[in-house]
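Below, read A as the first sequence line, B as the second, and so on, with proteins coming before strands; counting in each chain starts at 1.
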Amino acid sequence: MVTVNALTELPPRPDTAGELVDIPHGWEVRDVEQFLYKEARLADENDYDGWEALWTDDAIYWVPVDGEGDHPRTTVSIIFDNRSRISTRMKQVKTGKRYAQAPPSNLRRIIGNVELLGGRANAAGEIDLEIGANFMVLESRDRGNTLWGGRTTYRLRRIDGQIRLAYKKVVLVDNEQAVPTLGFLI
Amino acid sequence: MTAVVPSASEVEEGGSRYDRLIQPARVHGTLYTDPSIFAEELRKIWHRTWVFVGHESEVPQVNDYVRKQLADQDVVMTRDKEGEVHLLINRCAHRGLQVCDDKSGNSSSFRCPYHGWTYRNTGELLGYPYNKGYGGKKQLPLGMGKVARVASYQGFVFGSLAEEGPSLEEHLGAAKGEIDRLVGLAPAGKVSLDAGWLRHKTRSNWKFLAENETDGYHPQFVHGSIFGVTGSPIGELYSDNSTAVTRSLGDGHSENDLRPEFRGFAEPMRWFGTTPDRVPNYVAAMKEAHGEDADRLMIEGAPHVMIFPNLFIAEIQVFNIQPVGVGECVQYSTAVQFDGGHELNMRMVSQSIGSVGPAGMLLADDTEMYERNQRGVAMADPEWLDVRRGLHRESVDENGFTIGTATDETGMRGFWNHYKTLMTAPDEGQDD
Ligand code: FES
Ligand SMILES: [Fe+2]
């Protein structure tokens, strides 16, 4: 791991790092949608192991505040997880004593407006597929019902023939306001 | 015929409503649920005492401004051309519209969108269109609303809506030393709160948060899930055999003083969960700034202090708690940034993201407790909340402050003492 000693060594922000290039070859919209629906279902059903297994080792799971957010290394975000923190988060919830999710929320979400946006180079120099989609989730727990909505940007990669998730940035519509506890997988 | 017999304590104590509701070992559930009590709190606490609003580093340049909240008041924190920080109430002197609609920016003046009145960033009325309707220019002795008193300590900006009262330094009292401890860990002797704010909507009365912040009894239970999976040693600091103390600092402020534990280990940077060789530049900068004393500062670490009514410094995080209604508040949280401590700053951002805010692996669970607590106290029986833990083993430290063990409710009792003092003070204009 690189130690960052000064602000001058700040890596580029992950959403705009590099440039958006043409959609890489070999991706069918239908396959992409099926993957996104599966990811959504695993999250809705609190299938933590199944959901975690979708991620690549260089995963970034990011939920900023204030629109698209500022640089996540220098400003706070609701979530900014790398692969190891995703794993910690899953381990915590699987203890059954992560009270914000114990009992777990009841959830169902709709994903729509799925759009292949282009390709973006990853650290290994390959091109990941970048996708945008809108979503709405109805969350129900003792606190009451909460309607969450926003736009997600995903980056997908094929590893050994399997589609995997390398990047997920969730921009909540109401992220300029105070939001309630977000204990589930958004 | 049924006679209603008042309880023994009611007969003995008599006095005001708050003398009955707040007793040495218990407090009444309606304190968290009664809208008339909340309305009275707004008048006697939030509109009167010093309330934490923001930090000077949020408006670093001349003419910077940022919208903030002071309880139910929408406030604009501005820095004028002389560099002075103001807290304007976001209300037009003409017909009461919100003047400033951007969240932050840089401007020497604000224009109300309704009829175009303009104000300097000090609140002074600069002008109004078609001025003949007022007999010419500069005829009106009006301006935007202002928070009556504004003061800062180590860059932390507080406002009081009361024209008169104790000074900020009097209000902070012993809590000043805790802010100093935090700032002492910044090699350049200054902290910044410029890493943005998370906003966590919480369906709970604000007092549950204020009480919980230095409740050393809950961490092992509420946070056992994260301590367990990360192997964090934090839980032990709040165990039954911890040498840490809970201290009531007076004026409603309280702390969990973890220094006895860290002094025992005598390992610099243990408080931050690291070792000097992993943050060599920071350690060198601290030695340069503090010489001989650097090791002590890096061993003892940052404070864990709740400053009445709404500023919580949790080592490397700062919380600003603002009430919305009797059963709702917002927790604003951010990562402390040390001037001259770049090596730690990104780590503090990263740790804060992991810990606090709506998805934080610590605070989401605290917040779940606050919300279940709010639902719980709406139940009819038992009517009281017990705050007696450790009352029998409290002592007074060398500075005259009441202390209990790491898990005692000493901080809460200090909170309620001060709360009662403020709530039994006469209402403004009713002193006669
Ligand atoms: S209300 Fe602001 S100018 Fe009329
Ligand atoms: Fe806690």
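B:Met369 touches chain A through its side chain: at least one heavy atom from C-beta onward sits under 4.5 Å away, while N, CA, C and O do not. Contact annotation for A:Asp66: both backbone and side-chain heavy atoms come within less than 4.5 Å of a heavy atom of chain B. Contact of B:Gln322 with chain A is not made at all, since no heavy-atom distance falls under 4.5 Å. Both the backbone and the side chain of A:Thr75 come within less than 4.5 Å of a heavy atom in chain B. For B:Phe221, the part sitting under 4.5 Å from any heavy atom of chain A is the backbone (N, CA, C, O) and nothing else.
Judged by distance alone, the side chain of A:Arg85 and the main-chain N or O of B:Ser350 form a donor-acceptor pair under 3.5 Å.
Across A:Pro180 and B:Pro358, no two heavy atoms sit closer than the pair O-CB, 3.4 Å. Closest of all the heavy-atom pairs between A:Ala100 and B:Ala364 is CB-O, 3.6 Å. Residues A:Tyr99 and B:Asp365 approach most closely at N-OD1, 3.0 Å, considering heavy atoms. Closest heavy-atom contact between B:Leu198 and A:Ile78: CD2-N, 3.7 Å.
Of the listed residues (A:Val76, A:Thr95, A:Val63, A:Val65), the one with the most heavy-atom contacts under 4.5 Å to chain B is A:Val76. Per-residue counts of heavy-atom pairs under 4.5 Å with chain B were compared for A:Ile79, A:Asn175, A:Leu182, A:Val93; the largest is that of A:Leu182. Ranked by non-hydrogen atom pairs under 4.5 Å with chain B, the options A:Gln177, A:Gln101, A:Gln92, A:Lys97 are led by A:Gln92.
Taken to the nearest 0.5 Å, the NZ atom of B:Lys201 stands 8.0 Å off from the OG1 atom of A:Thr146. For the atom pair CZ (B:Arg375) and CG (A:Asp142), the distance works out to 5.0 Å, reported to the nearest 0.5 Å.
For CD1 of A:Ile110, the number of neighbouring non-hydrogen atoms (other residues, nucleotides, ligands) closer than 6.0 Å is 12 at most. For CG of A:Asn145, the number of neighbouring non-hydrogen atoms (other residues, nucleotides, ligands) closer than 6.0 Å is greater than 12. Counting heavy atoms of neighbouring residues, nucleotides and ligands inside a 6.0 Å radius, atom OH of B:Tyr217 does not exceed 12 of them. Atom NZ of A:Lys38 has 12 or fewer heavy atoms from other residues, nucleotides or ligands within 6.0 Å. A 6.0 Å sphere centred on CD of B:Glu288 holds no more than 12 heavy atoms belonging to other residues, nucleotides or ligands.
Here the side chains of A:Lys91 and B:Ile226 are not in contact, with every heavy-atom distance at 4.5 Å or above. Between B:His200 and A:Thr181 the shortest side-chain heavy-atom distance falls below 4.5 Å. Considering only heavy atoms from C-beta on, B:Arg372 stays 4.5 Å or farther from A:Arg143 through its side chain. With a 4.5 Å cut-off on side-chain heavy atoms, B:Arg199 and A:Val179 do not count as touching.
A salt bridge links B:Glu368 to A:Arg141: one of the charged nitrogens lies within less than 4.0 Å of a carboxylate oxygen.
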